[in-house]
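Here's the structure we're looking at; comments come further down.
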Amino acid sequence: MKFQAPKGVSEYVPPRSRAFEWTRDTLLRSIKHSGYQLVELPVFEDTELFTRGVGASTDVVSKEMYTFEDRGGRSITLRPEGTVGALRAVIEHGLDRGVLPAKVFYVGQFFRAERPQAGRYRQFYSVGIEAVGVDDPALDAEVISIAYAGFRALGLKQFHLDITSLGDGQSRAAHKVDLVAFIKTLDLDEATIVRAQLNPLRLFDDKREEVRAMMATAPILLDYLSESSRAHFLAVQSHLKALEIPFSINPRMVRGLDYYTGTTFEFVHDLLGAQSGIGGGGGYAGLMEEIGGQSLPGIGFGLGIDRALLAAEAENVVPTAEFASDLYLIPLGAAAKSTALIISESLRDSNISCEIAFGDRSLKGAMKAADKSRARYVIVLGESELASGEFELKHMASGSTSSVTLTSLVQTLQQALSVI
RNA sequence: GUGGACGUAGCUCAGCUGGUAGAGCACCCGGUUGUGGUCCGGGAUGUCGCGGGUUCGAGCCCCGUCGUUCACCCCA
């Protein structure tokens with residue numbers, strides 16, 4: 001029996017796992033520099049949290065959730081997205097009772113039972129933030145700018161930002177009446193009509209040319225915004241302009257989760273094929289209350305780590321491997337190994353990374369391994385070195401060696417490494 | 001969930017109208033009693049995704065299945 005990973009999961013193993021770490025940590029850096037704090041959350045929740053929060057009519061909830069019954073008969077679901085779980089924790093731990101906005105971030109894997117495809121997995125990785133409790137266009141703009149900064153920090157250039165406003169409840173109700181009436185006049189197939197009944201906005205997102213043409217004259221939600229929603233959206237735009245973040249207003253943008261209100265946005269990469277959304281988010285005025293919290297507004301985003309990595313690879317901006325370890329120790333013989341273990345431990349205590357050549361391969365083989373590991377320095381520990389307490393410290397890039405004593409090793413390396 | 005393409009060594013792939021499986025890279029050893037990258041010589045490696053069928057004979061043809069991939073759908 002040969003086991004393989006379950007269908008459609010994204011796995012990262014060396015050497016690519018390094019690029020994955022880099023992607024994740026780069027995106028996180030931008031978030032941490034903005035005062036967001038970690039919420040480390042369960043990957044499964046009460047199923048009802050998602051049906052209420054995300055919306056029972058959404059595709060995500062109606063056909064893409066991994067749901068099961070636990071041994072106590074509870075209905076449990078593997079989280080398909082991050083926002084409602086994060087808000088559940090905010091409410092449960094009273095983070096919304098302190099200074100507002102409460103600002104949290106999360107990172108980890110999410111699960112959707114979809115047909116896998118490049119950039120779409122059944123288990124995928126996202127990083128996201130949520131800012132709860134303050135309604136301020138400047139906050140919206142900052143949230144967008146944090147995501148933008150993260151993508152730019154990765155070195156991405158070939159992506160664009162689409163924004164729109166879904167307005168408030170009144171705006172949407174008025175628009176929906178007119179939109180539904182308009183759609184009824186169209187000649188559509190059965191599946192599309194069903195889709196429109198679930199969420200008429202979906203038709204704006206249809207990829208078929210004929211549907212796009214029909215929808216060209218459809219009423220646009222932006223035209224129905226209330227005075228306050230319009231003012232808010234205009235303010236967000238002016239802040240984005242001040243930040244010099246390029247964006248385009250896309251009134252046809254559709255988000256698949258029911259809770260979005262107000263400012264919504266999407267980052268789309270140009271080189272990625274069908275699954276090109278690398279991040280997106282928006283406001284959610286009613287969500288806190290919907291899942292049992294105070295009536296507070298909020299806004300956040302989720303960024304796809306898998307897709308950001310694919311984008312970085314497509315743009316060829318993933319940095320090549322740095323030196324793996326500072327020092328590679330090659331002990332010759334059993335006594336030398338014991339010494340190598342002791343030396344490497346003390347080096348690591350001094351924050352110098354160090355690895356040892358294990359096994360009994362030839363010196364040539366061990367040197368090749370050292371080279372492969374991309375270690376910066378190498379020391380061979382043989383009988384003469386053990387006897388004299390002096391080694392040759394070899395700098396691999398240049399091939400030059402210098403003589404070092406055991407007692408001065410840490411200091412010498414610290415000096416050498418800080419210079420570089 | 002629907003449709004198309006593809007599954008051969010660790011990786012990338014070749015394999016003719018069906019005749020008993022190969023290359024490059026990587027790996028190991030040696031050329032140099034204890035110093036890597038280049039070079040030279042040598043070496044190991046496959047249930048040809050899996051299961052069935054057709055055939056004297058299947059990597060190649062047929063069916064099923066699992067997986068990958070592209071698109072729809074959906075979204076990170």
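Throughout, a chain's letter reflects where its sequence line sits, starting with A, and its residues are numbered from 1. In what follows, every heavy atom counts, from backbone to side chain, and hydrogens, waters and symmetry copies are set aside.
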State, to 0.1 Å, how close A:Leu222 and A:Pro251 come at their nearest heavy-atom pair, and which atoms those are. CD1-CB, 3.8 Å

Mind listing the closest non-hydrogen atom pair of A:Met65 and A:Pro80 along with its distance? SD-CG, 4.1 Å

Could you check whether [X] gets within reach of a base, just the sugar-phosphate, or nothing at all, counting any heavy atom under 4.0 Å?
X: A:Glu383; value: base
X: A:Gly8; value: sugar-phosphate
X: A:Gly277; value: sugar-phosphate
X: A:Gln123; value: nothing
X: A:Ala370; value: nothing
X: A:Tyr121; value: base
X: A:Ile278; value: sugar-phosphate
X: A:Asp306; value: nothing
X: A:Gly119; value: base
X: A:Gln117; value: base

Per the 3.5 Å Watson-Crick/G-U criterion and a run length of at least three, the stems involving RNA chain B are B:1-7 with B:66-72, B:10-13 with B:22-25, B:27-31 with B:39-43, B:49-53 with B:61-65

Is there a donor N/O on one and an acceptor N/O on the other, under 3.5 Å, for the side chain of [X] and the base of [N]?
X: A:Arg255; N: B:C75; answer: no
X: A:Ser362; N: B:G30; answer: no
X: A:Lys394; N: B:G36; answer: yes
X: A:Glu385; N: B:G34; answer: yes
X: A:Arg120; N: B:A76; answer: no
X: A:Arg202; N: B:C74; answer: no
X: A:Lys364; N: B:G31; answer: yes
X: A:Asp371; N: B:G37; answer: no

Write down the distance separating the [atom1] atoms in [N] and [M], rounded off to the nearest Å.
N: B:U45; M: B:G4; atom1: P; result: 41 Å
N: B:U8; M: B:G59; atom1: P; result: 15 Å
N: B:C48; M: B:A14; atom1: C1'; result: 13 Å
N: B:C6; M: B:G42; atom1: C1'; result: 37 Å
N: B:A44; M: B:A23; atom1: P; result: 12 Å
N: B:C28; M: B:G18; atom1: C1'; result: 37 Å
N: B:U55; M: B:C60; atom1: P; result: 16 Å
N: B:G64; M: B:C25; atom1: C1'; result: 36 Å

Going by atom types only, do A:His232 and A:Asp140 share a side-chain donor-acceptor pair under 3.5 Å? yes

Hey, could you give me the CZ/OG distance between A:Arg172 and A:Ser165, rounded to the nearest 0.5 Å? 9.0 Å

Inter-residue atom distance A:Ser34.OG - A:Ile146.CD1, 0.5 Å rounding: 3.5 Å

Nearest to the side chain of [X], which nucleotide is it out of [options]?
X: A:Pro116; options: B:U68, B:U35, B:G36; value: B:U68
X: A:Arg361; options: B:A76, B:U68, B:C28; value: B:C28
X: A:Val380; options: B:A76, B:C75, B:U35; value: B:U35

What is the distance, rounded to the nearest whole Å, between atom [atom1] of [X] and atom [atom2] of [N]?
X: A:Asp59; N: B:G1; atom1: CG; atom2: C1'; answer: 11 Å
X: A:Lys7; N: B:U68; atom1: NZ; atom2: C1'; answer: 8 Å
X: A:Arg115; N: B:C73; atom1: CZ; atom2: C1'; answer: 11 Å
X: A:Phe20; N: B:A76; atom1: CZ; atom2: C1'; answer: 12 Å
X: A:Asp360; N: B:G34; atom1: CG; atom2: P; answer: 14 Å
X: A:Arg122; N: B:C66; atom1: CZ; atom2: C1'; answer: 12 Å
X: A:Asp258; N: B:C75; atom1: CG; atom2: C1'; answer: 14 Å
X: A:Tyr260; N: B:C75; atom1: OH; atom2: P; answer: 10 Å

May I ask you to test the [X]-[Y] pair for a side-chain heavy-atom distance under 4.5 Å?
X: A:Leu201; Y: A:Leu179; value: yes
X: A:Pro246; Y: A:Tyr148; value: yes
X: A:Val9; Y: A:Phe124; value: no
X: A:Gln123; Y: A:Phe110; value: no
X: A:His239; Y: A:Val236; value: no

Name the residue from A:Val39, A:Thr83, A:Val143 that meets the side-chain contact (heavy atoms from CB on, under 4.5 Å) definition with A:Glu130. A:Thr83

Let me know, please, whether A:Gly273 or A:Val9 comes out on the 5' side of the other along RNA chain B by nearest nucleotide. A:Val9

Closest to the 5' end of RNA chain B, once A:Tyr125 and A:Gln275 are matched to their nearest nucleotides, is A:Gln275

